[in-house]
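Counting starts at 1 for both ligands and their atoms, following the listed order.
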Amino acid sequence: MSEQFDNTAGPLTTESGAPISNNNQSEAAGVGGPLLIQDQVLLEKLAHFNRERIPERVVHARGAGAYGTFTVTADVTKYTKAKFLSQVGKETETFLRFSTVADSLGGADARRDPRGWALKFYTEEGNYDLVGNNTPVFFIRDAIKFPDFIHTQKRDPYTGSQEADNVWDFWSLSPESTHQVTWLFGDRGIPASYRHMDGFGSHTFQWVNEAGEQFWVKYHFKTDQGIKNLTQDEANKLAGEDPDSHQRDLRESIERGDFPTWTVQVQIMPAAEAANYRYNPFDLTKVWLNEDYPRITIGKLELNRNPQNIFAEVEQSIFSPAHFVPGIGPSPDKMLQGRLFAYGDAHRYRVGINADHLPVNRPHATEARNGNRDGLGYDGRHGGQKNYEPNSFGGPYETGQPLWAPLQLNGATGEWETPKHAEDDDYVQAGKLFRLMSEDEQDRLIANLSGFIAKVSRDDIIERAIANFAKADETYGKRLAAAVAELRK
Ligand code: HEM
């Protein structure tokens with residue numbers, strides 16, 4: 001958080017500190033006359049106002065954040081050497097930004113949409129960011145499809161609105177989305193608040209221990225507040241009455257000392273088991289079954305401090321899946337690999353080359369030390385110190401210790417499809433999820449999906465969409481077809 005600045009002591013001033021005599025009347029050329037270019041108070045004020053916005057996030061534009069504490073509750077040193085996980089009882093400061101995905105900044109919180117879960121651990125070995133969602137899976141499995149996918153969720157270039165035609169055209173042509181779409185149109189698709197939902201790291205990550213042994217890991221954050229959701233009707237009403245419902249709920253609960261907590265769990269797969277797991281463990285459209293890799297509780301996350309300035313601490317906060325610490329690294333998941341590039345690039349565009357120096361973004365439990373210098377907004381923090389390495393003046397030095405362990409590879413480069421494992425197809429887990437739902441929930445799922453599909457203008461897109469759900473489960477497809485036909489009568 002930035003240092004508090006006393007804005008109450010003394011007179012109003014210009015940016016250069018000169019006292020302002022009148023903040024209500026501009027300087028005119030005579031009574032009733034036009035304004036003067038010498039009125040620097042007016043010109044500076046108008047110019048600053050014009051530059052108040054930075055580009056909003058291209059996705060996840062609406063969000064709310066809070067600081068908190070992560071506490072380790074189980075010994076995981078046999079899986080990772082990460083220092084912040086090295087001891088039961090160890091506490092690490094965190095900052096968590098929640099978000100919705102598709103709406104722009106001026107939208108509403110109570111939408112059917114995944115919720116972002118961007119968690120920064122300010123560890124003594126650097127900041128570790130886990131940039132996940134409230135869903136364990138995603139719509140697609142290759143980063144190269146992401147911009148196309150998001151274009152179908154955002155405004156159509158001609159109509160300026162989100163179009164059912166585009167959404168269902170893309171989803172029906174991308175059958176790997178069937179699992180995540182089933183999830184999204186079920187009860188958990190509209191959480192009642194950010195406090196009443198789970199979080200997931202979603203991807204598979206690498207953990208490596210002191211001995212160099214590798215494990216694959218998935219993170220789960222189970223809400224201790226209980227899961228609470230809104231129905232479509234409740235959400236439609238709330239989005240109109242209180243567009244900031246999630247943000248308000250989070251801030252107010254922390255203000256009254258009712259700190260939300262999550263139980264932190266991991267699924268661990270020894271690296272050697274990945275090749276023969278029934279599903280490709282690096283395919284983001286799939287979960288690992290709990291019966292195969294049971295969740296182990298390793299910690300507690302509590303949010304307990306509100307940011308004081310939303311622009312400085314939430315709008316300018318940056319999170320990157322590429323921010324790792326020793327003992328944690330990426331997997332070959334093709335979505336994660338693309339994200340390792342995309343976020344830093346977005347930050348440089350949106351917040352600038354020195355975004356990492358801002359109070360919310362910089363390491364809190366260590367220092368960033370390197371030869372990077374200057375650029376827009378550079379604060380001169382390095383004074384006259386040398387800006388190159390190697391140097392003979394006591395500058396920072398490389399460690400020779402990679403953060404994560406190397407991956408064994410073979411074969412030729414190429415535009416390969418994600419390899420399928422024994423039980424993989426695009427529909428198997430969507431069908432399982434449908435059959436896990438109670439009859440009531442299935443009814444709501446069919447109603448939610450059919451309401452949206454029925455808005456599509458072309459029969460071929462509707463047929464293709466329904467065919468995907470039928471491949472997941474015959475009853476699912478039949479019930480959906482009947483419900484859509486009824487609505488289109
Ligand atoms: C390859 C696919 C993806 C790409 C290229 C991508 C790209 C982006 C970009 C450019 C941003 C805006 C960052 C900023 O301006 O600071 C963003 C935000 C975000 N993305 Fe992704 N994304 C992808 C997939 C995902 C997935 C799979 C998840 C979750 C599992 C996810 C979760 C988030 C979250 C939580 C944010 C908001 C971060 C914040 O609060 O600042 N994204 N994404």
Flag, side chain of Asp356 to backbone of Asn361, donor-acceptor distance under 3.5 Å: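 Between the backbone of Asn361 and the side chain of Asp356 there is no qualifying donor-acceptor contact (under 3.5 Å).
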Among all the protein's non-hydrogen atoms, which is closest to [atom], and how far away is it?
atom	answer
atom 35 (C) of ligand 1	Gly132 O, 3.2 Å
atom 40 (O) of ligand 1	Arg97 NH1, 2.6 Å
atom 29 (C) of ligand 1	Asn133 ND2, 3.1 Å
atom 38 (C) of ligand 1	Ala118 CB, 3.9 Å
atom 13 (C) of ligand 1	Ala346 CB, 3.9 Å
atom 41 (O) of ligand 1	Arg57 NE, 2.7 Å

Salt bridge check, [Y] against [X]: does any charged N sit closer than 4.0 Å to a carboxylate O?
X	Y	result
Glu176	Lys145	yes
Lys120	Glu93	no
Arg141	Asp333	no
Arg256	Glu252	no
Glu125	Lys83	yes

Ligand-side contact atoms (ligand 1) for residue partner [X], heavy atom cut-off under 4.0 Å:
X	result
Arg350	14 (C), 15 (O), 16 (O)
Val58	10 (C)
Trp117	35 (C)
Phe319	39 (C), 40 (O), 41 (O)
His347	14 (C), 16 (O)
Phe138	27 (C)
Ala143	1 (C)

Check: [X] ring centre within less than 6.0 Å of [Y] ring centre:
X	Y	value
Tyr194	His246	yes
Phe84	Tyr122	no
Phe205	Trp216	no

Side-chain donor-acceptor pair present, Asp283, Thr285, cut-off under 3.5 Å: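 Thr285 and Asp283 do have a side-chain donor-acceptor pair below 3.5 Å.
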Flag side-chain contact, heavy atom, 4.5 Å: Met197 against Gln225: no
Rounded distance (nearest 0.5 Å) linking atom OG1 of Thr123 with atom OH of Tyr128: 10.5 Å
Any Leu284 heavy atom less than 4.0 Å to ligand 1: yes
Reference residue Asp103; test salt bridge (Lys or Arg N to Asp or Glu O under 4.0 Å); the match among Arg62, Arg57, Arg111, Lys154: Arg111
Region of Ile318 engaging ligand 1 - heavy atom pairs below 4.0 Å: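 Neither; nothing of Ile318 gets under 4.0 Å from ligand 1.
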Metal site atom 21 (Fe) of ligand 1, protein N/O/S atoms found under 2.8 Å: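 Step by step: take atom 21 (Fe) of ligand 1, keep protein N, O, S below 2.8 Å, and you get 1.
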Closest candidate by heavy atom, reference atom 30 (C) of ligand 1, pool Gly63, Ser202, Pro55, Ser99: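 Among Gly63, Ser202, Pro55, Ser99, the closest heavy atom to atom 30 (C) of ligand 1 belongs to Ser202.
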Identify every side-chain donor-acceptor pair in residues 402-417 under 3.5 Å, counting partners at least two apart or on other chains, and give the distances.
from: Trp416; atom 1: NE1; to: Ala412; atom 2: O; distance (Å): 2.8

